[in-house]
Amino acid sequence: MADMPTLSRRTFVFASVAAAGGVAFGQYARAQQAPASAAATNPLTADLGPNSVTFNPWVEISPQKITLIAQHADKGQGVGSIQPLMIAEELDLEPNQFEIRFAGPSPAYFNTGFSHELAPFMAPDRSPEAEKARAAALEWLRKAGLQMTGGSSAIPDTFDKLRMAGAVARETLKATAARRTGIAAADLRTEAGNVILPNGTKIPYVALAADAAKITPVAVTKLREPSQWRFIGKPMERLDIRSKVTGEMKFGIDRKMDGMVYAAVQLNPNKGQPIVSFDASKAQSMPGVRKILKISNGIAVIATNSWYAMQAAERVDCVWAPSKYPAEQAEHWKVAASSFVPQFLGKEWRNDGDVDAGLKEGTLIEAEYRAPYVGHQPLEPLNGIGIVTDKGMEIWVGHQTPQSVQAIAATAIGLKPEQVTFHNEWMGGSFGHRLEFENVRVLAEIVNQMRGIPVKLIFSREEDFRQDIPRQIAMGKYRGSVKDGRIVAADFQVAATAPFKELLARMGTPTKDPDGQLAVGIWNLYYDIPNYRAKSFEIQGLSPSTTWRSVGASANGFFTESFIDELIHAAGLDPLRARIEMCKIPIYRKVLETVGKMADWKGPLGRGKGRGVAFVESFGTAVAEIVEVSMTDAGIKIDKVWVAADVGTVVDPVNFENLVQGGVVWGLGHAMNCELTYAKGGVQQTNYHHHEGMRMYQCPVIEVRGLENDYTVRGIGEPPVPPAAPALANAIFAATGKRIREMPFNKFIDFV
Amino acid sequence: MFELTVNGTKHQVDVVPEMPLLWVLRDELGITSPKYGCGIAQCGACTVQIDGAAVRSCQARMADVAGKAITTLEAVGNGKLHPVQEAWIEHQVPQCGYCQAGQIIQAIALLKTIPKPSDKDIDVVMSGNLCRCGTYERIRGAIHAAAEKMGGK
Ligand code: FES
Ligand code: FES
């Protein structure tokens, strides 16, 4: 780590990344007026049954059963399984000995995992200053009490705390048994849900619940050594696999309630704008229709079946208020192109050496890159069930920020957030979609007009597309110079709409600080380029945008790693070797070396084949990918992908591989063929044939290796995404000589 | 009134003849393994067996399937796990799982016609089933494993 001191001094320049996050979440804390002690209160105590015990916000034991709480929401990434298993690791439970429940809203579930992302230091920086900033960020988070699933933070957040939760429960159960039997706790052991006495007698945990409630939870200082782990790091069956394979799993969209009616909506395609008037005469008499309601930005049809509701919703003629952003896509690009001016400067994130002088040396390379709006479109469309009674509103919806669901629903219908009871659901994907609130707000408005009756709202796929708040639109103006086989200078400028800042604003916690997500992929560049400058500009007045799997890095990673490839090519170097040599962080160099070994990289392939490499660190996780393509008569075929990722500890290895493969498919598929474009204020793509992503026949073999050299545990949900697009573009260049600088690539080249 | 048999049980439903089978199953009968993904035959999440063939239930009108025998994922194994389901568990295919009912039913149909499918056969038959989580490679592996289990029959 000889290079680190320089890096950490440099990073001081970027102090306001933390300010960005910190201030925003600080405001969040004030908005919530969370008492400082709230994080210390256990929300499970409120609803605890008789003779039951809860040791902490994650473990509850009654005389009948053991319930483990999953605080991070499960969108398919597997945390509904691994969270309880991390508790069970220390609590000595077998996978079939407990029930899983998703957490309700509570500051006790504040996300510690954001502390690294919010501190203004690069991920590999372990200087005392960096650690201090992370500790400060953690304090902000504790005060804010923000419970959020996102930012690939579930494992970093819970890896220690859930094992600790299990250990505390275990030791407290042992202490309870010690009291009851008079045998010293040190002579007791635990296994498979029992405390075991020296003579072999077993006392089930459930039989100790009532007494355990009477003693103070035992403090634990040491967690088990990795050599003692039964689950962590071992191939294990995800706890939700079976029910997903038998069809028993109930997603939010599958829930049914007595007396429930069904709702579908037609909303203003000009996002965020109201409805002016409507004519429901055609819809009114359609089969199954019970009622047609006006809501602030559209209409809702209540019917006896979702299909009746969807059919009728389409037949209501609505007059919409026009969009506030440009109605046509070409205008969006014009606005983007004109945003590289001081007035829109987000921040200068890096300014090393003398960039202007450096650019005058050697050969100057310039390029413009583009990343379009893209939809999330998880296969389960947005939905939710709600009911309003005199007591308030109850809502069942798969969501990543429970407290915001309460706030948004309450605000929509004049309640207080605490009057909204929230139940999370297993989700059929999210990719950032279920951090937004359109279904929540709309559902609240509907059920408020249907008091006492439970209503299930489902967005039709078309409506889901039209209302999807897309990934940011982004443009890169990149310049660099090469001389004597080296990159001398680089000047990277990105203009984009600000996805995270906008999400914060919609959550009711606006910030004026620059969007730190737009720095990812230009700020955290680990190559040794003596003169380097990076700036972000925040485009104003376009479509709203939000976090899309890997957020800022999804666009910036493509720009940066493609352009680095251009510079390396101009310098006459090998794309992989040059990256390895330029990489200043030893463990990251290893990631690149590993992927090179996996692919047996030996330089150009020839014969219409090409390989491209890309390396991006996002959310603290370094990922390198190599893509191999061949030219065929039918177009470019992606033959194989190799991925190396360093997460410190691979907690759930099978799921790890699955998530990495899925991330690569996500990154490649959308880079190949997806964009959302606006016409007349609404998006033109309204179903999967317009916005397909990858299908089976295009899916390459994806070989994955997880490395464990990083000093702390990292997430893997998003980081495999950013290197996929540039590695593919670089491979296409290697195979064809054609440099593609704009997504989706199928505008410029055919794919098989 | 239409009559249909789902997973061996007869049901009467009072819906319009154009209602897609998907919504009869989900909202009228509470059988939820067939999923709504696109409604226009683009995703395959709604796939069920009708008289043994894999069909997109979002495209099958009630009037056209009345009287036919419908099987959903809940019953493909006849009370046990179907070998394809076993392979799916062993390969840990699902992430969110929302597409998987359709994937499994499509895979069963594939293995019925081509007991030992090549990767190419899998591509041809399975490409209509979208998986937004990107589990394709595991699906491929699980289909080969299931073919093995079923002994090419
Ligand atoms: S819902 Fe039937 S194919 Fe998508
Ligand atoms: S597993 Fe999520 S869509 Fe396939």
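Lettering of chains follows the sequences in order, A, B, ..., and the numbering in each one begins at 1.
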Chain A interface, residue from [options] that has the most non-hydrogen pairs under 4.5 Å:
{"options": "B:C133, B:C131, B:G77", "result": "B:C133"}
{"options": "B:A101, B:A45, B:G39, B:C38", "result": "B:C38"}
{"options": "B:G37, B:G128, B:P34, B:G30", "result": "B:G37"}
{"options": "B:V16, B:I139, B:L81, B:T72", "result": "B:V16"}
{"options": "B:C99, B:S33, B:P20, B:A75", "result": "B:P20"}

Measure [X] against the heavy atoms of chain B and call it side chain, backbone, both or neither at under 4.5 Å.
{"X": "A:H670", "answer": "side chain"}
{"X": "A:D464", "answer": "neither"}
{"X": "A:W666", "answer": "side chain"}
{"X": "A:M286", "answer": "neither"}
{"X": "A:Y262", "answer": "side chain"}

How far does [atom1] of [X] sit from [atom2] of [Y], to the nearest 0.5 angstrom?
{"X": "B:Q100", "Y": "A:L379", "atom1": "CD", "atom2": "CG", "value": "10.0 Å"}
{"X": "A:Q377", "Y": "B:L130", "atom1": "CD", "atom2": "CG", "value": "10.5 Å"}
{"X": "A:H691", "Y": "B:Q42", "atom1": "NE2", "atom2": "CD", "value": "13.5 Å"}
{"X": "A:T246", "Y": "B:I104", "atom1": "OG1", "atom2": "CD1", "value": "8.5 Å"}
{"X": "A:Q311", "Y": "B:E18", "atom1": "CD", "atom2": "CD", "value": "8.5 Å"}

Heavy-atom donor-acceptor pair, [X] side chain to [Y] backbone, under 3.5 Å:
{"X": "B:Q85", "Y": "A:V245", "result": "yes"}
{"X": "B:R140", "Y": "A:M696", "result": "yes"}
{"X": "B:R132", "Y": "A:P378", "result": "no"}
{"X": "B:Y36", "Y": "A:I253", "result": "no"}
{"X": "A:N305", "Y": "B:W23", "result": "yes"}
{"X": "A:K250", "Y": "B:T32", "result": "no"}
{"X": "A:K244", "Y": "B:C96", "result": "yes"}
{"X": "B:S127", "Y": "A:Y697", "result": "yes"}
{"X": "B:Y136", "Y": "A:M694", "result": "yes"}

Greatest number of heavy atom pairs closer than 4.5 Å to chain B - which of [options]:
{"options": "A:E237, A:M260, A:M249, A:R549", "result": "A:E237"}
{"options": "A:S306, A:P235, A:P287, A:G428", "result": "A:S306"}
{"options": "A:S243, A:S460, A:S430, A:G80", "result": "A:S460"}
{"options": "A:K75, A:R242, A:M427", "result": "A:R242"}
{"options": "A:E462, A:H376, A:Q698, A:M310", "result": "A:M310"}

Is it true that [Y] and [X] share a donor-acceptor pair across their side chains at a distance under 3.5 Å?
{"X": "B:Q95", "Y": "A:N658", "answer": "yes"}
{"X": "B:R138", "Y": "A:Q661", "answer": "yes"}
{"X": "B:Q92", "Y": "A:N655", "answer": "no"}

[X] versus chain A, the contacting section by heavy-atom distance below 4.5 Å:
{"X": "B:N129", "value": "backbone"}
{"X": "B:L22", "value": "neither"}
{"X": "B:V15", "value": "both"}

*Any A:H689 side-chain heavy atom under 4.5 Å of B:I40 side chain*: yes
*Between B:R26 and A:D254, is the closest basic N to carboxylate O distance under 4.0 Å?*
yes
*Looking only at heavy atoms, which two atoms of B:G134 and A:V665 are closest? And how far apart?*
CA-CG1, 3.7 Å
